[in-house]
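Written below as structure tokens is the structure these notes are about.
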Amino acid sequence: MGERVDIAVVGLGAAGLMAAIWAGRRVRELERAGGRSLRVVGFDGAARLGAKILVAGGGRCNVTHFEVGERDYAGASPNAIKKVLRSFDVARTVGFFREIGVELKREETGKLFPVTDSARTVLDALLGAAGEAGVELRHPARVGGVRVVGAAAGERDEVGAAGGVGSAEGEFGFEVAGSGGTVAASRVILATGGMALPRSGSDGFGYSIAKGLGHTVTPAVFPALVPLKVEAGHPLMELAGVAAPAAVEVRASTGKRLASFTGAVLCTHFGLSGPAVMNMSRHLTAARREDAGAGLVLNWLPEHDEQGVDRVLLEAGRERVGRVVDRLAGNGVLASRLIETLCRCAGVEADAPASSLTRERRRGLVGVLCRMEVGVTGDRGFTFAEATAGGVPLSEVHLATMASRVCPGLHLCGEILDVDGRIGGFNFQWAWASGFVAGCGAVGAMGDE
């Protein structure tokens with residue numbers, strides 16, 4: 001084997017770039033302190049780096065959220081996620097981006113975007129920071145495999161996960177093979193992402209690499225933050241382009257509420273989209289793995305309970321039904337087309353006086369408004385998903401360094417792990433935090449050797 005590097009970062013998305021930057025920075029700190037020089041090299045199969053960053057937030061890149069907590073994520077245990085997030089919190093994220101020339105602004109939703117409203121600003125700053133940290137970025141250079149070589153291949157089970165891997169010139173290490181050739185690496189940071197938006201390069205191959213190095217992957221890996229398809233002919237499909245706030249719930253076949261999100265719901269020609277629906281999508285898929293009868297329920301009047309809506313309709317007298325619904329929603333919050341469709345689903349004329357409704361029709365309308373069952377037939381798949389649910393269990397890494405518990409010298413970060421956040425910059429915050437921990441952890445362990 002010819003070329004040797006000290007740290008190979010496989011995958012240069014958000015998490016991989018962050019890991020590379022902080023590995024490079026820590027190397028510079030070691031050098032200034034009289035330590036040995038280390039080479040950090042990143043590999044990615046894309047001809048142009050940062051595809052997901054460039055398309056995020058409609059091309060503006062929702063860098064993070066002003067308030068991030070472990071409850072904003074699913075997958076791994078909240079306590080484990082919390083330990084990683086607090087290593088590089090929102091304040092540190094804002095400070096880091098300011099340092100590399102990206103000023104962030106907070107919008108009403110709590111999302112933080114670059115003041116330029118351009119994702120290119122974010123990507124260029126990250127690439128520039130990697131260069132300043134002395135990191136060499138190679139692309140297109142798709143990695144086809146990573147394997148343990150030398151003494152490590154036979155002895156890794158006897159070595160603790162925090163040590164045992166020497167420099168690239170030592171007897172322990174990895175062979176990183178790909179389209180750009182094969183290199184020997186002392187340590188590897190695996191940041192290949194999941195399977196969402198495969199055109200960006202996230203095709204799930206990283207799971208094969210992780211398995212080959214001794215890791216497991218959750219039994220299910222499926223799209224998260226993905227639009228949902230509904231049964232053919234559903235009335236909501238006639239409202240393509242209409243959006244409205246609603247509470248979106250996943251309920252078990254027993255009727256028990258399993259999860260709930262309130263936010264914008266967008267009607268489409270194929271079914272439903274919008275933040276609330278996409279946030280809920282992974283929970284519906286997960287629920288149906290255990291309970292095939294689990295379903296989606298929409299509450300178009302989330303500020304009211306059913307008894308209150310029934311009482312208002314009962315007391316509305318000659319006021320038109322559609323007008324009553326509009327008033328309950330907040331005057332203009334629900335589009336007139338949506339109100340008419342909801343009334344029609346209940347067998348009620350929107351222009352009819354509320355007093356003309358029979359008790360049965362009134363309660364039927366209340367049911368449609370407050371707990372509309374929607375027959376979801378599936379989702380639009382990884383091609384349209386913004387995140388991946390499932391991956392390498394977080395229990396298989398040391399949270400203080402993101403070092404593998406099963407393969408000495410390996411660190412993992414980003415979407416390859418079983419952590420997925422809701423819409424709003426939370427998945428980027430996981431990438432920044434886990435990438436920071438992995439990059440610093442890889443160099444820190446080598447500095448101790």
Side-chain angles (χ1 to χ4, degrees), residues 3 5 7-24 39-64 96-97 100-102 104 113-146 176-183 188-209 225 381-388 413-416 425 427-432 434-435 438-439:
E3 185 179 12
V5 304
I7 298 175
V9 182
V10 182
L12 294 171
L17 283 173
M18 194 67 166
I21 290 167
W22 283 97
R39 288 186 67 196
V40 181
V41 181
F43 301 87
D44 196 283
R48 295 183 179 180
L49 296 179
K52 279 190 177 180
I53 293 174
L54 291 177
V55 301
R60 296 196 298 143
C61 190
N62 180 189
V63 173
T64 187
F96 165 74
F97 277 99
I100 64 174
V102 181
L104 301 178
F113 288 89
V115 295
T116 61
D117 282 327
S118 172
R120 173 58 66 180
T121 302
V122 176
L123 178 58
D124 287 348
L126 290 169
L127 295 176
E132 291 179 4
V135 178
E136 181 183 345
L137 305 180
R138 298 183 183 178
H139 65 98
R142 180 177 173 82
V143 171
V146 177
V176 180
S179 60
T182 300
V183 301
V188 170
I189 299 176
L190 195 57
T192 52
M195 298 178 68
L197 293 177
R199 64 181 180 275
S200 70
S202 298
D203 56 6
F205 185 67
Y207 299 134
S208 297
I209 295 177
L225 302 185
F382 284 113
T383 299
F384 295 93
E386 294 186 12
T388 304
C413 61
E415 197 175 349
I416 192 172
N427 287 298
F428 271 134
Q429 185 59 41
W430 173 253
W432 313 136
S434 62

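What you see is a predicted model, and the numbers here were worked out from it, not measured in a lab.
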Start with the C-alpha gap between Val115 and Leu104, add the side-chain angles, then the distance that decides, and say whether side chain to side chain contact (heavy atoms under 4.5 Å, CB included) holds.
CA-CA 5 Å; Val115 295; Leu104 301 178; over 6 Å; no
Minimum heavy-atom separation for [X] to [Y], with atom names?
X      : Y      : value
Ala385 : Ala196 : O-CB, 3.5 Å
Ala177 : Thr182 : CB-OG1, 3.6 Å
Ala15  : Ala191 : C-CB, 4.4 Å
Ala14  : Ala431 : CB-CB, 3.8 Å
Phe97  : Leu126 : CE2-CD2, 4.0 Å
Val40  : Ala20  : CG1-O, 4.3 Å

Stepwise side chain to side chain contact (heavy atoms under 4.5 Å, CB included) test for Val41 and Val135
CA-CA 6 Å; Val41 181; Val135 178; over 6 Å; no
Cation-pi check for Phe382 against Arg199: NZ or CZ below 6.0 Å from the six-membered ring centre and within 45 degrees of the axis, yes or no?
no
Test side chain to side chain contact (heavy atoms under 4.5 Å, CB included) on Phe428 and Ile53 and set out the steps.
CA-CA 9 Å; Phe428 271 134; Ile53 293 174; 4.0 Å; yes
Heavy-atom donor-acceptor pair, [X] side chain to [Y] backbone, under 3.5 Å:
X      : Y      : answer
Lys52  : Ser202 : no
Glu415 : Thr192 : no
His139 : Ala46  : yes
Ser434 : Trp430 : yes

[atom2] on [Y] to [atom1] on [X], rounded to 0.5 Å:
X      : Y      : atom1 : atom2 : value
Leu197 : Phe384 : CG    : CZ    : 9.5 Å
Trp432 : Thr64  : CH2   : OG1   : 9.0 Å
Met18  : Leu12  : CE    : CG    : 14.0 Å
Asp124 : Leu54  : CG    : CG    : 8.0 Å
Phe96  : Ile100 : CZ    : CD1   : 4.0 Å
Leu17  : Leu49  : CG    : CG    : 6.5 Å

Result for side chain to side chain contact (heavy atoms under 4.5 Å, CB included) between Ile416 and one of Ile209, Leu190, Thr388 points to Leu190
Given Arg138 and Val183, is the side chain to side chain contact (heavy atoms under 4.5 Å, CB included) satisfied, shown in steps?
CA-CA 12 Å; Arg138 298 183 183 178; Val183 301; 4.2 Å; yes
Does the side chain of [X] reach to within under 4.5 Å of the side chain of [Y], using non-hydrogen atoms?
X      : Y      : answer
Val9   : Phe43  : no
Asp44  : Leu137 : no
Val122 : Val63  : yes

